[in-house]
Structures are given as C-alpha cells and as structure tokens.
> 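Have a look at this one before I ask anything.
Throughout, protein chains are lettered first and strands after them, A, B, ... in sequence-line order, and every chain is numbered starting at 1.
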Amino acid sequence: MSVTDRLKKRKAMFYNAFMQALREIKRNIMRSLLTAIGIVIGIASVIVMVNIGKSASLSITQSISKLGSNVLFIMPGQHNGPGGISSVTKPFKSDTVALLKNSILTLKAVSPVENASMTVIYKNQNYKTSIKGINNDYFTVQNWHMNMGRKFNKRELRSGQNVCILGKTVIKNLMLDSQAALGKRISLKNFSCEVIGVLNEKGANTFGRDEDDVVIVPIKMFQRRISGNDNIHLIMASVKDKIPLEEASLQIEQLLREKRHIKNDDDSDFSVKSMTALLDTISKITSMLTVMLGSIAAISLVVGGIGIMNIMLVSVTERTREIGVRMAVGAMAKDILVQFLIESVVLSSLGGIAGIIIGILITYIVSFAFHIPLILDPAIILVSLIFSMAIGIVFGIAPARKAANMNPIDALRYE
Amino acid sequence: MIKLKNITKTYGKADAATEVLKGISLEIKDGEFVSIMGASGSGKSTLLNILGTLDVPTSGDYLFSDTNINTLSKDQKALFRRYILGFIFQQFNLLKKTTALENVEMPLIYLGVGAKERRKRAYDALCKVGLENRLNYTPQELSGGQQQRVAIARAIVTNPKVLIADEPTGNLDSKRSHEVMEIIKKFNKQGFTIIMVTHEKDIALYASRIIYVRDGQIEKEESNVL
C-alpha cells in the first residue's frame with residue numbers, strides 16, 4: 001500500500017468516525033445536550049470573564065488618560081506598593097502650593113485638594129456628598145468646566161468665604177434646578193454657603209464613582225470651617241504641554257526635599273505620582289483580575305470535562321454489545337478507541353462552539369448594559385475552541401480505552 | 001480449509017478450573033455447511049467462538065488454509081474476522097435506532113469502502129435477503145425474522161469466506177426460523193462456507209454435515225444428504 005493510499009484510508013477512517021459520532025450524538029440528543037452543558041457553561045464563562053475583564057481594563061485606561069495624563073499627585077508620606085501609604089508624615093501647608101506654583105515653571109496649574117464627606121441640606125432635602133477644598137487651578141487640572149455661574153474670585157479664595165460650586169448629582173438630589181440653584185444657600189454642618197456655580201456633567205469615573213457627586217469650596221474655607229487646621233494632604237498639579245512628566249516630577253521632588261530638609265541619602269517623606277504610574281498599577285491589577293476570573297471559569301471547564309467523562313463511561317457500558325459486534329465484524333482496538341475518542345471530542349467541541357456563541361452574546365449584553373466598550377478577543381475564542389477539544393481528548397481517553405480494551409466475546413455476551 | 005487439532009478450553013484456574021472443551025479435532029472443507037449440535041453446556045458455543053476467533057483456546061491448533069490462527073496478534077485476528085468471517089447471532093445484535101441500511105453498511109466502514117459504494121453494496125445485500133422495502137427501518141420497527149435477515153445481510157455484505165452462525169433461529173418462531181434457514185442455505189449454495197450452532201434437530205438438518213458435541217468432546221458426526 002502506498003503512502004497516499006494509507007493517508008487516504010486514514011482520512012476516510014476519521015471521516016467515518018466523525019460521521020458516526022455525529023449520528024451517535026443525534027441518536028441520544030437529550031443526553032448529549034446534558035453532557036455538553038458543562039462545557040457550554042465553562043466556555044461561555046471563560047469568554048465572558050476574559051472579554052469583560054479586558055474591556056473593563058480598557059475603559060479604565062481610557063478614562064484615566066482622559067482624566068489627564070499630565071497630572072501629578074503630590075502627597076505627604078511614602079507610598080509603598082499599590083494603595084499602601086505609610087503613616088502620614090508632616091502634611092503640606094498652603095505655602096507649599098504657592099511655592100510649587102511660583103518656583104516650578106514647568107507646572108501649568110497647582111491646586112490643593114482636601115476631602116471630606118458631609119451632609120448638605122437645602123430646605124427639607126439632605127444629601128451626603130463629598131466636599132472638596134481647592135483653588136481655581138483645580139478646574140484646569142481636572143479639565144473641568146462651569147455649566148452655570150462662575151469660579152471662585154480672588155477675594156473668596158483669599159478669605160475663604162462661604163461660597164460653593166455644586167456638581168450635577170448634588171443639584172439633582174437637593175431637588176434643585178441648575179438655573180435656580182445660583183444664589184441659594186445650602187447648609188453644611190453648622191454653617192451655610194452660597195451657591196455661585198454649577199459644574200458641567202462628567203459622569204462616572206474609572207472606579208465607578210460619580211464625579212458629579214461633589215461640592216467644591218475654596219481651600220481656605222475648607223480649612224477654616226471643616227478641617228480646622230491648614231494641613232494639606234494632596235496637591236494636584238498639571239504639567240505644561242510638551243514637558244515630560246518625569247522632568248516636572250523630579251523638579252518637584254528636589255524642591256520639596258530641600259524645603260523639608262531631607263538628607264541626601266534619606267527617603268523622601270512625600271511622594272510624587274503620575275497617572276501613568278497609577279495606570280501601570282491599575283492595569284496590573286485588572287490583568288491579574290482577568291487571569292483570576294479566567295481561571296475560575298477554567299475550573300468550571302474541568303468540571304464540565306469530568307461530566308463528559310462520566311457520560312462517556314456510561315455510554316461505553318451501555319454500548320458494550322455494540323462494541324462486541326463491531327469487534328466481531330473486524331474492528332481493531334484502535335478503531336474502537338478512535339471512534340469513542342472522536343465522539344467525546346465532537347461532543348466537547350460542539351459544546352465549546354455553543355459556549356462561544358453564548359459567551360459572545362452575554363458579552364454583548366453585559367457591555368451594553370454596563371456601558372463598557374465591547375471587546376471580543378479572537379485569541380480567547382480560538383483558545384476556548386482548542387481547549388474544549390483538548391478536554392474531549394483528555395476526558396475521552398479513559399472511556400475510549402475502556403471500550404477498546406474489551407474482550408469481544410465478553411462484550412457480545414454482556415447483558 | 002479449516003482444521004482444528006486437539007483444541008481444549010479451560011475456564012478458571014487451578015482447583016476451580018472447568019474444562020469446557022476436551023480435545024476437539026475437526027476439519028471443515030471450503031463450501032461446506034456444518035451444524036454443531038449439542039445440549040446447553042456441551043461446549044458447542046465455545047467451540048464456535050474459537051472458530052470465530054472471538055475466544056482463544058487453552059491449547060491446540062487452529063489452522064485456516066495452513067495459517068495458524070492461534071499465533072496471530074489481536075489486530076491480526078480482527079483483520080481475519082474483517083476479511084474472512086461473517087457473524088450471525090442469536091440476539092441479532094443490530095445497532096439500536098440505526099436503519100437497516102446503516103446496520104449493513106457498518107462492517108464496510110472497517111473495510112475502508114467509500115460512502116457511495118458502501119450504500120450500494122448494503123442495498124444489494126438487503127435485496128438478497130428480501131428486505132429492499134425495509135431499507136430505512138430501524139430494528140425496533142422490524143419483526144424478529146426481518147431483524148435476523150438484516151443481520152444476515154450484514155454478515156454477507158463483506159463477502160466473507162465463512163459465515164459463523166450462533167443459534168440463528170434461537171429467538172424465532174418455527175415459520176420465521178425456516179424462512180431464515182432457507183436464506184442461509186441459499187448463501188451456502190452460492191459458495192459461502194457455513195458453520196452453525198443449534199440445538200434444534202430440524203434446523204441442524206439444513207446442513208450437509210452435523211457434528212454432535214457432548215461434554216466437550218465430539219460424540220459423532222453425521223453426513224446429511226438431502
């Protein structure tokens with residue numbers, strides 16, 4: 001027999017085994033569906049998890065870069081790793097802001113940011129929101145525009161007058177109208193402030209926090225009325241166009257080290273971070289998350305594979321006589337092995353394909369419902385398909401071997 | 001064509017061993033129709049299974065046209081069954097929920113026959129057993145006699161030299177039994193060698209030779225000239 005003949009024969013053998021597998025699956029359609037459902041769910045969840053993970057991380061990256069890739073965060077205390085801050089050392093004072101603004105020419109805008117959570121009251125409505133003490137540079141840094149009214153004037157900033165600018169969410173929750181809100185007084189704790197402006201709507205930020213859920217006041221007023229001291233725990237600065245962030249960051253570091261009398265080889269007791277650094281951390285976290293979600297889904301795939309193995313073992317036992325007949329008419333052990341192996345591979349692959357389709361559908365729905373960008377990674381789809389086939393092989397081996405190793409006479413006598 | 005020399009078969013080991021065949025020697029010529037008769041437990045089925053290479057003898061030689069079948073590997077035995085033998089069982093052993101045509105096609109798959117040719121040969125075989133009107137019936141939709149005829153078509157579709165029939169009428173009433181035997185007889189006339197096990201005398205009489213087996217030994221042989 002020539003090589004091409006042999007190849008042809010082998011091809012025919014696989015084709016026949018494939019057709020027989022399809023027939024067998026159709027013959028027991030209900031059982032096949034139940035068997036494959038584990039794989040369907042497994043593959044669908046892998047697809048959804050990975051795609052959603054990816055689009056979530058994409059949307060985070062996008063909105064962070066929208067937020068300003070030219071923004072530096074200057075904080076007292078040393079950062080160690082993502083999220084961890086050692087005990088806050090000497091906080092900044094108002095003069096630090098002025099110093100940075102005046103001495104570092106690469107900075108476009110510098111604003112202190114002090115934060116507190118408070119309840120604001122208007123008439124009989126009260127609403128818990130976040131109060132931010134800042135100066136007018138904050139609007140530049142955050143690229144924030146006024147919807148109504150005006151920013152703070154010099155006098156208000158200098159003396160810390162009781163004026164405030166509201167975000168859209170606060171307006172809504174106090175049952176106010178943007179137009180009508182101007183000039184009204186809202187109460188915070190034990191004092192009130194006059195609304196002089198309303199911010200443009202920004203929507204939810206990267207972390208799902210509503211950015212419009214904010215009341216902005218002059219930093220002086222914040223310190224005087226809320227914190228009771230002139231400490232500053234965060235300074236945000238935006239760098240002038242075409243100036244590398246690292247350069248500005250280095251300048252700030254040098255200046256502040258000098259100002260805070262830090263010896264040459266001591267660590268700084270403050271940190272200067274950029275969005276890019278934050279971006280790196282976040283993308284690390286999200287990709288870790290994606291991998292984790294993916295692995296959890298993969299476990300369900302293994303469970304699905306075990307389901308296939310179970311049913312195939314049952315099927316082999318049920319079809320013992322058939323195996324005997326096939327052996328009697330001249331099927332070799334390897335023919336039987338291939339037949340059952342292909343059956344489980346076809347079963348798991350069909351399950352995989354169904355899972356991919358369902359997974360894509362769910363990804364569509366989720367991305368639509370949660371307004372995240374739709375990403376369908378072709379690589380993960382291909383990997384899922386190959387993986388589901390591999391499951392068919394791995395978990396089909398044991399049942400197929402059981403079938404192939406049967407003794408023809410015992411198989412024929414099986415009741 | 002077939003020569004058995006002093007075949008023995010023992011089941012179990014040592015103390016619990018039971019000797020089912022105690023040295024059987026026989027010869028079957030090309031084109032013969034041989035019945036093997038005996039009570040249940042006489043060893044006739046074991047003998048047939050050894051002839052069909054489904055079972056292995058404990059000792060003795062099985063020669064087929066001077067080839068010692070006992071020395072063949074498992075795969076070689078499968079090939080021997082594939083090309084040389086055809087099987088008819090008492091229980092028909094058709095594939096469930098599978099049409100008559102597909103059942104008859106099944107052995108041809110292992111012969112590597114293409115789909116079109118397979119269909120044609122299966123159709124021809126079913127015509128030979130008079131089931132051309134039942135091609136797409138599944139076993140559940142066929143009577144016992146029809147099922148056995150499908151099984152016969154499946155046995156002869158590969159054009160084997162020897163048909164091995166294990167109680168082919170064991171599950172049929174007398175009328176169907178004789179119909180089935182007429183078909184088997186017809187194939188014998190066309191040149192198939194047939195080895196059949198039965199315990200019914202009137203069925204055994206279709207053969208040209210009857211071998212009586214008792215307690216694992218050949219009791220007697222009868223030529224049957226009808």
> Please evaluate residues A:Met332 and B:Leu79 with respect to the criterion side-chain contact (heavy atoms from CB on, under 4.5 Å), reporting the C-alpha separation (whole Å), side-chain torsions for both, the decisive distance (0.1 Å), and the verdict.
CA-CA 8 Å; A:Met332 292 187 201; B:Leu79 289 175; 3.3 Å; yes
> Taking atom CZ of A:Arg27 and atom NZ of B:Lys96, what is their separation to the nearest 0.5 Å?
8.5 Å
> Does CZ in A:Arg401 sit with more than 12 non-hydrogen atoms of other residues, nucleotides or ligands closer than 6.0 Å?
no
> I need the full list of ring-ring contact (aromatic ring centres under 6.0 Å, His included) pairs touching residues 86-125 of chain B, with sequence neighbours left out, sorted by first then second residue.
B:Phe87-B:Phe89
> Please round to the nearest 0.5 Å and tell me the distance separating atom CD1 of B:Ile109 and atom CD of A:Gln20.
4.0 Å
> Tell me if the NZ atom of B:Lys128 is crowded by more than 12 foreign heavy atoms within 6.0 Å.
no
> Could you name the residues of residues 136-162 of chain B that have a heavy atom within less than 4.5 Å of a heavy atom in chain A?
B:Arg154
> Roughly how far, to the nearest 0.5 Å, is the CD atom of A:Glu24 from the NZ atom of B:Lys97?
8.5 Å
> Taking all non-hydrogen atoms of both residues into account, name the closest pair between A:Met406 and B:Lys74 and its distance.
O-NZ, 4.4 Å
> What do you reckon, is NZ of B:Lys9 surrounded by more than 12 foreign heavy atoms closer than 6.0 Å?
yes
> Examine whether an atom of B:Ile84 lies under 4.5 Å from a heavy atom of chain A, and if so say whether it belongs to the side chain, the backbone or both; otherwise answer neither.
neither
> Can you say whether B:Gln76 sits under 4.5 Å from chain A via the side chain, the backbone, both, or neither, judging by heavy atoms?
neither
> If I measure from the heavy atoms of chain B, does A:Asn407 come under 4.5 Å with its side chain, its backbone, both, or neither?
side chain
> Please name the pair of heavy atoms, one in A:Ala333 and one in B:Asp75, separated by the smallest distance, quoted to 0.1 Å.
N-OD1, 4.1 Å
> Check each of A:Arg321, A:Arg326, A:Glu322 against B:Asn93 using the side-chain hydrogen bond (donor to acceptor under 3.5 Å, both in side chains) test, and report the only one that passes.
A:Arg321
> More than 12 heavy atoms of other residues, nucleotides or ligands under 6.0 Å from CG of A:Asn405: is that the case?
yes
> Only heavy atoms, only distances under 4.5 angstrom. Which residues in residues 35-62 of chain B are near chain A?
B:Asn49, B:Leu54, B:Asp55
> Taking atom OH of A:Tyr364 as the centre, report whether more than 12 heavy atoms of other residues, nucleotides or ligands fall under 6.0 Å from it.
no
> Any idea which heavy atoms bring B:Arg81 and A:Pro408 closest together, and the distance?
NH2-CG, 4.4 Å
> Just wondering, do A:Val325 and B:Met106 contact through their side chains at under 4.5 Å, heavy atoms?
yes
> Has A:Tyr15 got more than 12 heavy atoms of other residues, nucleotides or ligands less than 6.0 Å from its OH?
no
> Just verifying a value: how many Å separate A:Leu412 CG and B:Gln91 CD, rounded to the nearest 0.5 Å?
10.0 Å
> Do you know the tightest heavy-atom contact between A:Ala331 and B:Ala78?
O-CB, 3.8 Å
> Which bit of A:Arg319 comes within less than 4.5 Å of chain B, counting heavy atoms only: side chain, backbone, both or neither?
neither
> Looking at residues at least two apart in the chain, or sitting in another chain, which of them share a ring-ring contact (aromatic ring centres under 6.0 Å, His included) with B:Phe192?
B:Phe187
> Pick whichever of B:Leu94, B:Leu85, B:Thr98 has the most heavy-atom pairs under 4.5 Å with chain A.
B:Thr98
